[in-house]
Amino acid sequence: MTSFSDLNLDPKVLKAIEATGYTTPTPIQKGAIGPALLGRDVLGIAQTGTGKTAAFTLPMITLLGKGRARARMPRSLVLAPTRELAAQVAENFDTYAKGSRLKKALLIGGVSFKEQDRLIDRGVDVLIATPGRLIDHHERGKLLLTGVEIMVVDEADRMLDMGFIPDIERIFEMTPFTRQTLFFSATMAPEIERITNKFLSNPEKIEVERQNSTSETITQVLVEHTPKTKAMAAKDKRDILRAIIDRDKALADNPLRNAIIFCNRKVDVDIVAKSLKKSGYNAEPIHGDLEQSHRTRTLDGFRDGSITFLVASDVAARGLDIPNVSHVFNYDVPSHAEDYVHRIGRTGRAGKLGTAYTLSVPSDQKYLDAIESLTKSTLPRGENPWSPPGAAGARPARNEVEEEEATAKRSTSRTRSRSRKPVEDKTAEAPVSAPAPEAPKGDAPRAQTPRNAPHKDDRQDRDASDARTGGRSRGGRGRGDDRGPRVVGLGDHVPGFIEMSFEERRGES
DNA sequence: AAAAAAG
């Protein structure tokens with residue numbers, strides 16, 4: 001078995017690796033580090049979570065150990081598609097370059113030029129950048145790329161998706177053709193292939209197992225829901241989300257400690273985050289419209305556990321390495337099947353268990369088909385722990401209580417008489433207070449989660465994973481597919497949209 | 001129907 005010490009890395013780098021506790025290189029590291037140290041170009045076909053970042057940072061630090069940086073002429077360049085990813089790479093350099101004197105600069109948008117200019121002027125060995133800001137600096141004449149000895153392109157397929165390929169080509173052309181190139185992509189789309197043919201010379205090709213097969217440490221669950229009306233889908237999904245969260249906090253098998261909740265649109269990120277917060281959950285949104293400093297703060301908060309629920313756009317779908325994410329939710333089914341793989345890959349990392357829920361409504365069918373054909377699997381259908389208020393045979397959904405309270409506060413007295421609702425009797429045993437406090441960061445005292453009382457029976461009779469995935473066709477309870485047409489009035493039953501704030505309603509369409 | 005990145 002290979003260990004890092006067999007890889008000819010700088011002793012200082014080895015020491016830094018040792019300090020992190022890693023002993024054995026991952027396949028991509030094993031394959032890439034050797035050739036990179038020999039000065040070869042490397043074409044790595046690998047997804048994040050495979051140890052890709054270290055596969056290029058470790059040899060880079062070793063190679064750059066000799067030599068010194070000159071003003072405005074960085075000796076190496078790493079390109080990443082998003083600011084967060086660039087920042088993550090920068091952190092990796094900090095970790096592994098501890099014993100060295102290498103200077104680095106992080107050039108990303110959304111922050112001031114001033115500090116970045118200062119660093120460039122002073123001379124850097126490693127420049128880590130997003131394409132836009134890098135080109136901006138170059139155009140302002142502050143930066144020369146003619147001294148670049150090593151250039152890294154990370155997440156090239158994502159760059160392609162984001163339309164960065166022309167920028168990448170431009171940047172390639174700014175660097176000397178004698179440079180060494182380390183190029184990483186999760187896929188080899190034709191356009192990617194063209195670029196690599198053009199800019200890499202006789203690369204060592206390393207392909208590690210595609211993760212389209214999705215990690216075995218991730219339990220995937222599809223929760224299907226048919227809303228009464230299309231307009232109710234979003235609100236129903238928020239209720240379902242909360243119900244699953246509350247239920248999974250108490251699981252014996254990978255209990256929910258925290259979660260990333262993905263939405264397809266930025267507005268929905270905001271809405272879902274707000275709705276969770278309003279219900280007492282420790283949630284924060286993250287997407288590209290938020291100020292960079294805010295994004296950074298939020299991500300840090302989620303990493304250190306001070307934020308429990310990260311509601312995110314696909315800005316957080318790829319590459320971000322956040323250890324210890326117990327759950328991922330696809331609040332929306334991603335419309336690109338690959339994004340599904342990337343999103344759920346945020347959990348179940350480093351051999352830990354992860355659970356990935358996908359909430360779907362009938363109109364998502366074609367995207368689900370695409371996901372299932374990409375992953376070559378059928379997503380296990382799981383039980384929907386929530387049923388809409390007033391559904392025939394519905395078990396008491398705790399949200400009815402909350403919603404009723406919320407509605408009562410919001411609306412002036414309605415015609416319906418709340419006291420007559422049979423639901424009230426059923427839920428009397430369930431706590432009526434605000435939602436349970438967030439699961440603490442560490443080990444949680446789950447025994448005292450009365451919130452889950454209504455589901456207790458299920459949990460006793462089945463093991464945890466069965467409770468999650470087993471309930472599809474059992475007992476005809478729940479989703480109400482067989483319900484006949486019913487008269488909906490304001491007597492016993494209140495249509496969902498009535499219970500929504502105007503703000504929420506606006507968010508629906 | 002979208003998100004991301006340079007403003």
Side-chain angles (χ1 to χ4, degrees), chain A residues 48 78-89 106-114 116-117 120 127-143 153-171 174 185-186 230-231 233-234 237 260-273 285-296 298-299 310-320 330-343 346 359-371 506-509:
Chain A
T48 45
V78 180
L79 291 171
T82 67
R83 298 167 185 174
E84 275 76 9
L85 281 174
Q88 194 170 284
V89 171
L106 176 63
L107 304 189
I108 58 175
V111 297
S112 104
F113 282 92
K114 212 174 144 193
Q116 296 179 356
D117 283 341
I120 296 169
L127 201 57
I128 302 148
T130 46
R133 181 55 72 100
L134 181 86
I135 289 172
D136 211 342
H137 275 284
H138 188 262
E139 282 174 350
R140 290 162 68 243
K142 297 280 183 185
L143 185 62
V153 179
D154 198 9
E155 302 266 331
D157 55 326
R158 176 114 200 250
M159 305 248 195
L160 175 67
D161 289 348
M162 291 167 62
F164 280 167
I165 293 301
D167 287 345
I168 298 300
E169 286 196 69
R170 261 183 83 191
I171 296 167
M174 296 172 193
S185 181
K230 255 187 162 175
K237 283 201 288 184
I260 305 178
I261 298 154
F262 285 104
C263 306
N264 287 355
R265 284 169 303 189
K266 289 180 277 196
V267 278
D268 291 322
V269 169
D270 287 330
I271 291 168
V272 171
I286 188 165
H287 57 68
D289 280 355
L290 298 170
E291 215 179 289
Q292 186 56 39
S293 60
H294 187 241
R295 279 161 63 170
T296 308
T298 300
L299 203 55
L310 186 68
V311 189
S313 70
D314 281 321
V315 70
R318 300 204 197 190
L320 290 189
N330 288 309
Y331 172 88
D332 294 311
V333 178
S335 49
H336 286 313
E338 288 134 43
D339 286 336
Y340 175 83
V341 180
H342 292 297
R343 287 179 178 185
R346 297 315 97 208
L359 310 186
S360 79
V361 294
S363 59
D364 293 323
Q365 195 53 51
K366 57 178 179 292
Y367 301 125
L368 287 176
D369 293 343
I371 289 165
R506 228 179 299 126
E508 307 300 329
S509 52

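Numbered from 1 within each chain, the chains take letters A, B, ... in sequence-line order.
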K.L.:
Any side-chain N or O of A/Arg140 under 4.0 Å from OP1/OP2 of B/dG7?
P.N.:
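It does not, given that no N or O in the side chain of A/Arg140 lies less than 4.0 Å from OP1 or OP2 of B/dG7.
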K.L.:
Would you say the side chain of A/His336 and the base of B/dA2 hold a donor-acceptor pair, judged only by whether the two atoms sit under 3.5 Å apart?
P.N.:
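It does, because a donor-acceptor pair links the side chain of A/His336 to the base of B/dA2 below 3.5 Å.
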K.L.:
To the nearest Å, how far apart are A/Glu338 CD and B/dA2 P?
P.N.:
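Distance, rounded to whole Å: 19 Å.
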K.L.:
Evaluate side-chain contact (heavy atoms from CB on, under 4.5 Å) for A/Ile286 paired with A/Val269, printing each intermediate quantity in order.
P.N.:
CA-CA 7 Å; A/Ile286 188 165; A/Val269 169; 6.0 Å; no
K.L.:
Figure out the CD1/P separation between A/Ile168 and B/dA4, and round it to whole Å.
P.N.:
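Nearest whole value for this atom pair: 18 Å.
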K.L.:
Please determine whether a side-chain nitrogen of the Lys or Arg among A/Arg265 and A/Asp332 lies less than 4.0 Å from a carboxylate oxygen of the Asp or Glu.
P.N.:
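Answer for the salt bridge query: no.
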K.L.:
Give a yes/no on whether any side-chain N or O of A/Arg83 is located under 4.0 angstrom from OP1 or OP2 of B/dA6.
P.N.:
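Result: yes.
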K.L.:
Should A/Arg158 and A/His342 count as side-chain neighbours, where that means a heavy-atom distance under 4.5 Å?
P.N.:
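SC-SC contact between A/Arg158 and A/His342 ruled out.
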K.L.:
Measure from CG on A/Asp314 to P on B/dA5 and round the result to the nearest Å.
P.N.:
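Rounding to the nearest Å, CG of A/Asp314 and P of B/dA5 are 12 Å apart.
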K.L.:
First locate atom CG of A/Asn330, then atom CG of A/Leu368, and finally report the distance between them rounded to the nearest 0.5 Å.
P.N.:
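Here the rounded value is 9.5 Å.
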K.L.:
Would a distance-only check, ignoring hydrogens and angles, find a side-chain to backbone donor-acceptor pair under 3.5 Å from A/His287 to A/Asp289?
P.N.:
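A pair under 3.5 Å: yes.
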K.L.:
Base, sugar-phosphate, or nothing for A/Gly163, non-hydrogen atoms under 4.0 angstrom?
P.N.:
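No contact at all - A/Gly163 keeps every heavy atom at 4.0 Å or more from the nucleic acid.
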K.L.:
Taking the minimum atom-to-atom distance to the side chain of A/Tyr367, which one of B/dA4, B/dA1, B/dA5 wins?
P.N.:
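Of the candidates, B/dA1 comes closest.
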K.L.:
Return the value, rounded to whole Å, for the distance between atom CG of A/Asp167 and atom C1' of B/dA4.
P.N.:
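My rounded result for the distance is 12 Å.
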K.L.:
What integer distance in Å separates A/Asp117:CG from B/dA6:P?
P.N.:
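Going from CG in A/Asp117 over to P in B/dA6 covers 15 Å.
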K.L.:
Figure out the CG/P separation between A/Leu134 and B/dA6, and round it to whole Å.
P.N.:
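Result: 10 Å.
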K.L.:
Taking OP1 and OP2 of B/dA6, is either one under 4.0 Å from a side-chain nitrogen or oxygen of A/Thr130?
P.N.:
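Affirmative; the distance criterion is met.
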K.L.:
So, is A/Ser313 near the phosphate of B/dA4, with a side-chain N or O under 4.0 Å from OP1 or OP2?
P.N.:
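Result: yes.
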K.L.:
The side chain of A/Arg133 is closest to which nucleotide in this list: B/dA1, B/dG7, B/dA4?
P.N.:
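Minimum distance to the A/Arg133 side chain belongs to B/dG7.
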K.L.:
Taking the side chain of A/Arg265 as heavy atoms from C-beta outward, which of B/dA2, B/dA5, B/dA4 is closest to it?
P.N.:
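Per side-chain heavy atoms of A/Arg265, the pick is B/dA2.
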K.L.:
Could you state the atom-to-atom distance from CG of A/Asp161 to P of B/dA3 in whole Å?
P.N.:
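For the pair A/Asp161 CG and B/dA3 P, the rounded distance is 15 Å.
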K.L.:
Could you tell me how far apart A/Leu106 (CG) and B/dA6 (P) are, to the nearest whole angstrom?
P.N.:
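So the CG-P distance, A/Leu106 to B/dA6, works out to 10 Å.
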